[in-house]
*Asks:* 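Sharing a structure here in structure tokens format.
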Amino acid sequence: MQNQAAVEALYSATFVEDYLDYVENVPDDIQRIHTRLRELDMRQHQDVLSELDTLVDQFTNTKDPTMQKRLLNKMMMPLITSQDIGDDKIQLVQNMADIIENKTRQLDHDAQNLDFGRGEEEEQQQPQKPAPPKSKVKEEKSEKASKRKKVKEEVK
């Protein structure tokens, strides 16, 4: 009984630690990523798009085909830079989603551990019912054993 209480206390402590970590750190992580996204937006808007606008204006005012060709080649650089910035922004959003998903999965796992400990406790504290038919008892025991195995395997 003391061993079970110790295990349950450990599960509870783990859940509380992970929950506090989630509440304290995840908003900061997300804010950091959001700030980085805004920085990339500002850089893209100020530097790259202004350069591209200048080149487009020069292109429309130029009648010389060789100069237009040079300007088109120059236009490719801001477009490539803009695409790289877009790729960085997609990566940041993916990182944000991964952080949230991993922390949520961790909390779900901890909550399952808490429920697992409670299920065993409830089994021991339930009043004794008349014994069901033996085949039914074997089925229930095998179901409970398979559930426990599943949970233990998930923990590993």
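Just so you know, residue 1 is the first one in the sequence shown, and it goes up from there.
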*Asks:* Could you note down all residue pairs passing side-chain hydrogen bond (donor to acceptor under 3.5 Å, both in side chains) where residues 61-70 supplies at least one of them, sequence neighbours left out?
*Replies:*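 Non-adjacent pairs meeting side-chain hydrogen bond (donor to acceptor under 3.5 Å, both in side chains): Asp64-Thr66.
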*Asks:* The criterion is side chain to side chain contact (heavy atoms under 4.5 Å, CB included); which residues satisfy it with Leu72, sequence neighbours excluded?
*Replies:*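 Listed in chain order: Phe59, Met75.
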*Asks:* Grouping I, L, V, M, F, W and Y whenever their side-chain heavy atoms are under 4.5 Å apart, do Val16 and Leu10 come out in a common cluster?
*Replies:*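 Looking at the clustering, Leu10 is in a separate group from Val16.
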*Asks:* Nearest 0.5 Å, what's the CG-CG distance between Leu37 and Asn95?
*Replies:*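 Interatomic distance, Leu37 CG to Asn95 CG, rounded to 0.5 Å: 10.0 Å.
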*Asks:* The test is side chain to side chain contact (heavy atoms under 4.5 Å, CB included); show your working for Leu20 and Asn25 and say whether it passes.
*Replies:* CA-CA 8 Å; Leu20 290 175; Asn25 296 328; over 6 Å; no
*Asks:* Please round to the nearest 0.5 Å and tell me the distance separating atom CD of Gln31 and atom CZ of Arg38.
*Replies:*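 So the gap between those two atoms works out to 9.5 Å.
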*Asks:* Applying side chain to side chain donor-acceptor pair (under 3.5 Å), can you list everything that pairs with Gln83, at least two apart in sequence or on another chain?
*Replies:*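 Result, side chain to side chain donor-acceptor pair (under 3.5 Å) vs Gln83: none returned.
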*Asks:* Holding to salt bridge (Lys or Arg N to Asp or Glu O under 4.0 Å), I want the full list of residues that pass it with Arg43, two or more places apart in sequence or in another chain.
*Replies:*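 None.
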*Asks:* Give, for atom OH of Tyr11 and atom CG of Asn113, the distance between the pair rounded to the nearest 0.5 Å.
*Replies:*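 So the gap between those two atoms works out to 4.5 Å.
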*Asks:* Using the test side chain to side chain contact (heavy atoms under 4.5 Å, CB included), find all partners of Glu39 that sit at least two apart in sequence or belong to another chain.
*Replies:*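 With sequence neighbours excluded, Glu39 shows a side chain to side chain contact (heavy atoms under 4.5 Å, CB included) to Thr35, Arg36, given in chain and number order.
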*Asks:* Do the non-hydrogen side-chain atoms of His109 and Asp18 ever get within less than 4.5 Å of each other?
*Replies:*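 No, too far: nothing below the 4.5 Å cut-off.
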*Asks:* Under the 3.5 angstrom rule, does the side chain of Thr81 hit a backbone N or O of Met77 as a donor-acceptor pair?
*Replies:*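 Yes; at least one donor-acceptor contact below 3.5 Å.
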*Asks:* Give me the other members of the hydrophobic cluster that Leu49 sits in, counting Ile, Leu, Val, Met, Phe, Trp and Tyr linked by side-chain heavy atoms under 4.5 Å, directly or via other members.
*Replies:*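 ILVMFWY cluster around Leu49 holds nothing else.
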*Asks:* Test: salt bridge (charged side-chain N to carboxylate O under 4.0 Å, His left out). Region: residues 47-62. Which pairs qualify, not counting sequence neighbours?
*Replies:*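 Qualifying pairs: none.
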*Asks:* Rounded to the nearest 0.5 Å, what's the gap from CE on Met96 to CD on Gln94? Could you check?
*Replies:*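 Reported value, rounded in 0.5 Å steps: 10.5 Å.
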*Asks:* How close do Pro78 and Val48 get, counting heavy atoms only, and between which atoms?
*Replies:*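 Scanning both residues completely, I find the closest heavy atoms to be O-CG1, 3.1 Å.
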*Asks:* Just to verify, what does Thr104 make a side chain to side chain contact (heavy atoms under 4.5 Å, CB included) with, not counting sequence neighbours?
*Replies:*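 Side chain to side chain contact (heavy atoms under 4.5 Å, CB included) check on Thr104 returns Tyr22, Ile100, Asp108.
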*Asks:* Using side chain to side chain contact (heavy atoms under 4.5 Å, CB included) as the criterion, list what pairs up with Ile99, not counting sequence neighbours.
*Replies:*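 Applying side chain to side chain contact (heavy atoms under 4.5 Å, CB included) to Ile99 gives Val26, Asp29, Ile33.
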*Asks:* Please determine whether residues Ile85 and Ile80 belong to a single hydrophobic cluster, defined as Ile, Leu, Val, Met, Phe, Trp and Tyr linked transitively by side-chain heavy-atom distances below 4.5 Å.
*Replies:*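 Hydrophobic grouping puts Ile85 apart from Ile80.
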*Asks:* Can you list every pair that meets salt bridge (charged side-chain N to carboxylate O under 4.0 Å, His left out) and has a residue in residues 79-104, with sequence neighbours left out?
*Replies:*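 Listed by first then second residue: Asp21-Lys103, Asp41-Lys89, Glu101-Arg105.
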